[in-house]
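The structure appears below as structure tokens.
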Amino acid sequence: MRIGIVCYPTYGGSGVVATELGKAMADKGHIVHFISYQQPARLDTYHPNIFFHEVRFSDYPLFQYSPYESALTSKIVDVARFEKLDILHVHYAIPHAATAFMAKLILREEGLTLPVITTLHGTDITLVGRDITYLPVVTFSINKSDGVTAVSEYLKKDTYKHFEISKDIRVIPNFVDLERFQKHNKEHFKRAIAGEGERILVHVSNFRKLKRVEDVLAVFALVLKEIDAKLLLVGDGPTRQEMEQQCRILGICDKVVFLGKQEAVEEILAVSDLMILPSENESFGLAALEAMACHVPVISSDAGGIPEVNIDGVTGFVSPVGDVEDMAANALKLLRDEKLLKEFRQNAYEQAKRFDVEKIMPLYEAYYREIMALSGKEEAKAG
Ligand code: GMT
């Protein structure tokens, strides 16, 4: 197949999923064309089947805001025409689903068919999309997509609850590359980070408010009262400075390491004992899944789709949003009991295997073919 993928290129989960899916499709022999305003962060190595098309837009003095949607639509039209795309898969509804629909209409005028699949990721539905600023466009463009997927059962339900959707939504969960995310023996690296007997807790996010990083610090401060530990904070974003301040107030600066954005997250996860994910809102929780693939149990909130990934009392523990005492008690339960921790580590890994990219990618592949057939689109000949 000749597949077009539109996504955000940044470190957010939707961009990661889009990129990893495209890479997996390319490995299977499909030709994949990424379209975005910047090279996606995880699209970092050459692949003969992968192409990247940058959306450029001019900064004309008349524009207070650059018309990115128009530039993206034109780029989709151009790539679809020239590269003979069989299907376009857009990740994150805003503004990608609307631009894809517009591109499809333009191509239709030329007698070309471009089936469009929109994948809903989270805040495009749970937060931003339902704001009246975007609601009519998001609703319309989801309904106009040929296929719609959501990354969790929770997100599917939430979409039907808050939008007037006439389309069937297919749940295809997020996935993890178990070859990349695995438990390596990195004892020397562990010792460089933490002292003898010190446990390592980790949190990975883009430090947006809804990630509740302040709860990560509160949980860690309670854990520290009982056992020796280090907290590794991976990622960067709007609340980072506030969190640095919070560490000073809590007097835990020497135990907390702000690592910023990291490419090799798997190396950090590989030496961690527990992941903390106390989000207020989370459609899936890819960060938790990647930790679990590295045998790291998860202490999380019960927000959104997290319980579909982190099974309470099996792969970690799930607490009500904001209940930092409960989260700290659960963390201590595991950190104090080596046997229990080992059991949870194995359970976390077994659960991650259910989301192996090798199992999930074929679901997308089959869905692409299903939507192409429904749209009367025949696969273009290679070459
Ligand atoms: O979580 C973020 O801040 C990034 C966001 C995105 O769209 O880039 O992530 C969303 O999509 C991920 C991949 O499907 C999910 O794993 C995250 O749970 C989801 N985030 C939220 O729902 C807050």
Side-chain angles (χ1 to χ4, degrees), residues 5-22 24 36-38 40-43 89-97 117-131 134 138 148-159 161-162 169-177 181 203-213 215-216 233-240 261 265 275-293 298 300-310 318 321 351-352 355 357 360-361 363-364:
I5 293 185
V6 175
C7 66
Y8 282 103
T10 43
Y11 282 78
S14 64
V16 169
V17 170
T19 312
E20 296 296 346
L21 178 62
S36 191
Y37 57 82
Q38 203 178 289
R42 285 206 188 172
L43 201 61
H89 187 177
V90 304
H91 291 261
Y92 206 88
I94 309 166
H96 301 150
I117 292 178
T118 299
T119 289
L120 312 173
H121 278 275
T123 49
D124 45 353
I125 294 302
T126 56
L127 202 67
V128 196
R130 67 176 78 142
D131 188 305
Y134 304 110
V138 174
V148 184
T149 76
V151 299
S152 64
E153 291 292 342
Y154 158 80
L155 189 59
K156 173 179 171 173
K157 278 199 199 103
D158 207 57
T159 309
K161 188 168 157 199
H162 293 280
I169 300 178
R170 179 78 51 94
V171 175
I172 303 185
N174 285 333
F175 50 83
V176 63
D177 178 357
F181 288 87
H203 169 78
V204 183
S205 79
N206 49 20
F207 281 60
R208 283 191 290 160
K209 230 177 162 29
L210 61 80
K211 298 291 175 181
R212 294 184 71 100
V213 185
D215 285 4
V216 177
L233 294 172
V234 182
D236 216 327
T239 67
R240 155 109 185 236
K261 287 176 185 165
V265 187
M275 142 83 66
I276 308 180
L277 188 70
S279 309
E280 188 168 322
N281 210 318
E282 200 72 67
S283 68
F284 184 89
L286 186 60
L289 177 59
E290 291 181 340
M292 286 158 64
V298 178
S300 74
S301 71
D302 59 359
I306 297 179
E308 293 174 44
V309 184
N310 183 26
V318 174
V321 174
Q351 168 76 341
F355 301 91
V357 63
I360 307 297
M361 194 275 279
L363 303 181
Y364 275 112

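Small disclaimer: the values here were computed from a predicted structure and weren't measured. Quick note: residue numbers are just sequence positions, from 1. Just follow the structure's listing: the first ligand is 1, and inside any ligand the first atom is 1.
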Number the atoms of ligand 1 from 1 as they appear, then name those within less than 4.0 Å of a heavy atom of [X], with their elements.
{"X": "K211", "result": "1 (O), 2 (C), 3 (O)"}
{"X": "S283", "result": "15 (C), 17 (C), 18 (O), 19 (C), 21 (C), 22 (O)"}
{"X": "S14", "result": "6 (C), 7 (O), 8 (O), 11 (O), 13 (C)"}
{"X": "L286", "result": "16 (O)"}
{"X": "N281", "result": "23 (C)"}
{"X": "N206", "result": "2 (C), 3 (O), 4 (C)"}
{"X": "V151", "result": "14 (O)"}
{"X": "L210", "result": "23 (C)"}

Got an N/O contact under 3.5 Å between [X] and ligand 1?
{"X": "G15", "answer": "no"}
{"X": "N174", "answer": "yes"}
{"X": "G122", "answer": "no"}
{"X": "Y92", "answer": "no"}

Checking side chain to side chain contact (heavy atoms under 4.5 Å, CB included) against H91, which of T118, L21, L120 comes through?
L21
Supply the atom-to-atom distance L277 CG to H203 NE2, rounded to the nearest 0.5 angstrom.
6.5 Å
Inter-residue atom distance N174.CG - H121.NE2, 0.5 Å rounding:
6.5 Å
Partners meeting side-chain contact (heavy atoms from CB on, under 4.5 Å) with Q38 (sequence neighbours left out):
P9
Taking only residues two or more places apart in sequence, or in another chain, which ones meet E20 in a side-chain contact (heavy atoms from CB on, under 4.5 Å)?
V16, K23, R42, F175, R180
Decide side chain to side chain contact (heavy atoms under 4.5 Å, CB included) for F207 and L233; before the verdict, give the C-alpha distance in whole Å, the side-chain angles of both, and the deciding distance to 0.1 Å.
CA-CA 10 Å; F207 281 60; L233 294 172; 3.9 Å; yes
How far apart are the closest heavy atoms of Q351 and V309, and which atoms are they?
NE2-O, 2.8 Å
Proximity of H96 and Y8 rings by center, below 6.0 Å:
yes
Run the side-chain hydrogen bond (donor to acceptor under 3.5 Å, both in side chains) check on T119 and T149 step by step: do they pass?
CA-CA 5 Å; T119 289; T149 76; 2.6 Å; yes
Could you tell me whether V16 approaches ligand 1 through its side chain, its backbone, both or neither, with non-hydrogen atoms closer than 4.0 Å?
neither
What part of D124, side chain from CB on, backbone N/CA/C/O, both or neither, has a heavy atom under 4.0 Å from ligand 1?
neither
